[in-house]
Amino acid sequence: MLREIPSHFYLAVAQESRRGPALVCLLFGLLLGSCGSVPSAAKMNEVVTYLASDELKGRDTGSEGIEKAAEFLEDEFEAYGIAPFFSSFRDTLSNTSTLAYNVVGVIEGSDPRLKGEYILIGAHFDHIGIVPPKDGDEIANGANDNASGTSTVLELARYFGKQKVSKRSLIFAFFSAEEKGLLGSRHLATVLKDSGINLYTMLNFEMTGVPMQGKDYLLYLTGYEKSNLAEIANTYGGSDLIGFLPKAGEFNLFQRSDNYAFWEVFGVPSHTFSSFDFENYNYYHQPGDEATRMDYEHLSEVVRRMIPVIQGIADSPKDEIKLN
């Protein structure tokens, strides 16, 4: 078991990350004894390739394909030592006409005072299933949307599940029925609110599989101006981690992903991280959204840069993320 990591370590990572991600990797490698096991581009390739395979037929809500995806995610959670948040990993939706469920796990925080605060890290794992054929292909595999975000959250879960060094508690959630109108996240937000959980912040990952071109930042944040999360993230992860994408506001992306229900229900900072900028990927909701089109070095870089962000937020003695 790792010893507890002092808070000044994350400040050092934040300062040194401006000199390049390789040095961040070195700092974590010195601490963990390995530099590359988590995150792993090969592991993320494996996850996306399975979730976006023809076998799962586009992971439509209520389908056999999404059932297989849920079983896969449950098995991964168990392998990482993550506990079910409810009596099982499955959270059955109450707002869908067909049987559907989220997959939800939790890592209890290590600090007696802070573990009562929860950080929710999520992504939707459903897609749109079978679509009108294009070039003979009718399966909308959903690699970027959103097997990429799912693999990002799963790799973060693998890191924190193995290390278990978070002072605040971490919920990892995979939402179903996002494509039906954000129903999975709406259901979970309502259930958690009714249970009286103290949600500190919600971090959502959507379409993270392809890097942006001509930008001086790795990811953008929806609802950038609504809280100081971007500033905090850049403090821990490096000043070029999070940027402002004007199109995110033009297309109202803040209200179009699974962060929004938690913003509405809890009134806490809840945002989506993404690298889809409407110019770098032409296969949205098309059969061409295939695993072979993802950039797995980019995906692993997203995880590598987000680990100190989540760790720093989880271990900060004060609630530093604030609404603007």
Side-chain angles (χ1 to χ4, degrees), residues 102 104 118-127 142-157 170-189 192 199-212 215 217-234 237 241-281 284-285 289 298-299 301-303 305-306 309-310 313 321 323-324:
N102 302 317
V104 188
Y118 289 81
I119 298 169
L120 195 152
I121 303 159
H124 77 88
F125 74 110
D126 66 307
H127 197 47
N144 203 24
D145 186 16
N146 188 36
S148 67
T150 300
S151 72
T152 299
V153 172
L154 196 59
E155 193 73 345
L156 289 166
L170 304 177
I171 297 173
F172 293 93
F174 298 109
F175 307 113
S176 187
E178 189 268 357
E179 302 287 0
K180 306 297 185 185
L182 310 179
L183 298 181
S185 53
R186 174 66 58 178
H187 165 86
L188 183 60
L192 294 180
L199 184 67
Y200 173 34
T201 189
M202 191 277 183
L203 314 177
N204 189 56
F205 291 86
E206 175 98 28
M207 300 184 73
T208 54
V210 178
M212 295 178 284
K215 307 290 194 303
Y217 48 90
L218 185 67
L219 301 167
Y220 66 87
L221 192 72
T222 67
Y224 184 96
E225 72 289 348
K226 295 182 182 295
S227 79
N228 67 342
L229 177 58
E231 176 187 348
I232 297 299
N234 285 347
L241 175 59
I242 306 299
F244 172 72
L245 184 74
K247 281 189 176 180
E250 294 171 16
F251 287 90
N252 200 25
L253 297 188
F254 181 71
Q255 296 181 344
R256 292 175 59 187
S257 195
D258 289 305
N259 60 284
Y260 190 61
F262 297 91
W263 171 275
E264 278 202 317
V265 173
F266 282 92
V268 300
S270 306
H271 299 266
T272 293
F273 298 87
S274 180
S275 62
F276 170 67
D277 65 1
F278 298 89
E279 298 174 355
N280 62 341
Y281 198 68
Y284 174 70
H285 280 194
D289 188 5
H298 166 72
L299 270 170
E301 180 69 4
V302 168
V303 174
R305 298 288 296 276
M306 286 302 302
V309 174
I310 294 171
I313 292 170
I321 304 175
L323 297 174
N324 289 334

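As a basis for the values below, the full set of heavy atoms in this structure was taken, side chains included, without hydrogen atoms, waters or symmetry mates.
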Hits for side chain to side chain contact (heavy atoms under 4.5 Å, CB included) against Asn228, two or more places apart or cross-chain, chain-then-number order -> Glu231, Ile232, Ile321, Lys322, Asn324
Partner residues of [X] under the side chain to side chain donor-acceptor pair (under 3.5 Å) criterion, sequence neighbours left out:
X	answer
Glu178	His124
Thr272	Asn204, Asn259
Glu264	Arg186, Tyr260
Tyr281	Asp289

For residues 242-254, which side-chain donor-acceptor pairs fall under 3.5 Å, sequence neighbours excluded?
unit_1 : atom_1 : unit_2 : atom_2 : d
Lys247 : NZ     : Glu279 : OE2    : 3.3
Asn252 : ND2    : Gln255 : OE1    : 2.8

What residues, two or more places apart in sequence or in another chain, satisfy ring-ring contact (aromatic ring centres under 6.0 Å, His included) together with [X]?
X	answer
Tyr220	none
Phe273	Phe205
Phe125	none

Sidechain-backbone polar pair: [X] side chain, [Y] backbone, donor-acceptor under 3.5 Å:
X	Y	result
Thr201	Pro269	yes
Thr150	Ala123	no
His127	His285	no
Asp126	Glu179	yes
Ser275	Val210	yes

With rounding to the nearest 0.5 Å, note down the distance linking [atom1] in [X] to [atom2] in [Y].
X	Y	atom1	atom2	answer
Asp258	Asn146	CG	CG	8.5 Å
Leu183	Leu188	CG	CG	12.5 Å
Arg305	Tyr217	CZ	OH	14.0 Å
Phe172	Ile121	CZ	CD1	4.0 Å
Thr152	Met207	OG1	CE	12.0 Å
Leu221	Ser227	CG	OG	6.5 Å

Quick note, salt bridge (Lys or Arg N to Asp or Glu O under 4.0 Å) partners involving residues 268-277, not counting sequence neighbours, are Lys215-Asp277
Side chains of [X] and [Y]: does their closest heavy-atom pair fall under 4.5 Å?
X	Y	result
Leu182	Arg256	no
Asp145	Phe276	no
Leu199	Leu192	no
Thr222	Ser257	no
Trp263	Met202	no

Minimum heavy-atom separation for Ser151 and Ser148, please, with both atom names.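 Shortest heavy-atom separation between Ser151 and Ser148 comes out as OG-O, 2.8 Å.
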Across all chains, not counting sequence neighbours, the salt bridge (Lys or Arg N to Asp or Glu O under 4.0 Å) partners of Glu155 are Arg158
